[in-house]
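Step one of this worksheet: look at the structure below.
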Amino acid sequence: MGGTQVHALAERVVGGGSVDEAEARLLIGADDVGELMREADWITRELLGPRVDVEELANIKKNACSEDCTFCAQSALYDTGVGEHALAPTSEIVERARRAREDGASSYCLVAAWREPPPRDFERVCEAIAEIGRTVGIDVDCSLGFLTRAQARRLKALGVIKYNHNLETARSKFPEICTTHTYDDRMATLRTAREAGLGICTGGIIGMGETREQRLEMALDVASVAPEEVTINMLVPMRGTPLALQAPLPDGEAERTFALYRFLCPRATVRVSGGRERSLRGAGASVLRGGANAIITSGYLTSPGRRAAEDAEMVRRIGLEA
Ligand code: SF4
């Protein structure tokens, strides 16, 4: 697809229209990736303005997860040399929320490594969310695995804004990435969260050996659930996991993918998440001018990141606002 056609689709999207599957396929394979990114950036600025959303994560319960996701250093099935696995004390979760607010983060996401929340731990997470609501004042999102309807309604009642549950990869790739649960289990959790009135954040990881066609497949499925937020990670191969030796994506593939998400989910927050420091030019600055409009700062679940002040400076340098 040439620049004129890409621009025509960008104009359609800004005007409230959408792109279909055939057009999405042409977009991700556009002749000129720079042109594609410029059009995705134009859509972002027209619809959402110059602001970059900054989020901090709190890994409130690390490691020893029962699931076998091949990219994940927190699975109990792989010898990754990590040990800690109790749920963090409420006081620590609340204190981290306070620090995130002081760093200038607009949201704080509580993430736990388990298949689903054990009832007693779920109660403790709820206590922490209520305490953050009373004493900190920052938007709280959660990523706690599979949820029952009652748990989803409880989170909504506590003021949780969005529930994160990633599809991880394309449906056609999923059985290679995880065998302990299914892609449909993940889709069902997104429905449960939506039915409870929670906003949805979903996405996955690119660079796990999937094809470009499979990146398109995942993007179309993500768009089909109309998420408020899309979160895309680039694989950071973790020692001890089956993907430890995975080769990186070819140049430009991540950039094409972020641009495509902007065309498919024009009003969503599109967050460039784990792996940006390692895989993207300018630690993600390139894709913040190519469709993405959000970052995670101050580190990830199992890998370090950049300091909030460094990221704020990067955002200013490329003419955007943190
Ligand atoms: S990705 Fe989530 S469900 Fe899968 S092993 Fe890691 S923590 Fe468990």
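Source: prediction; values computed, not measured. One-based numbering, in listed order, for ligands and for the atoms of each.
- Neither side chain, Glu67 nor Ser75, offers a donor N or O lying under 3.5 Å from an acceptor on the other.
- Classification of Arg99 and Glu102 as a salt-bridged pair fails, no side-chain N sitting under 4.0 Å from a carboxylate O.
- Of all protein N/O/S atoms, those under 2.8 Å from atom 6 (Fe) of ligand 1 are Cys72 SG, and waters are not counted.
- In the model, Glu131 has no side-chain atom that pairs as donor or acceptor with a side-chain atom of Thr90 under 3.5 Å.
- Using a 4.0 Å threshold on non-hydrogen atoms, atom 2 (Fe) of ligand 1 does not count as touching the protein.
- Sequence neighbours left out, the pairs with a member in residues 15-26 that pass side-chain hydrogen bond (donor to acceptor under 3.5 Å, both in side chains) are Arg12-Glu23, Glu21-Arg25, Arg25-Glu213.
- A salt bridge links Lys173 to Glu176: one of the charged nitrogens lies within less than 4.0 Å of a carboxylate oxygen.
- Once rounded to the nearest 0.5 Å, the distance linking CG of Leu260 with CD1 of Ile28 reads 5.0 Å.
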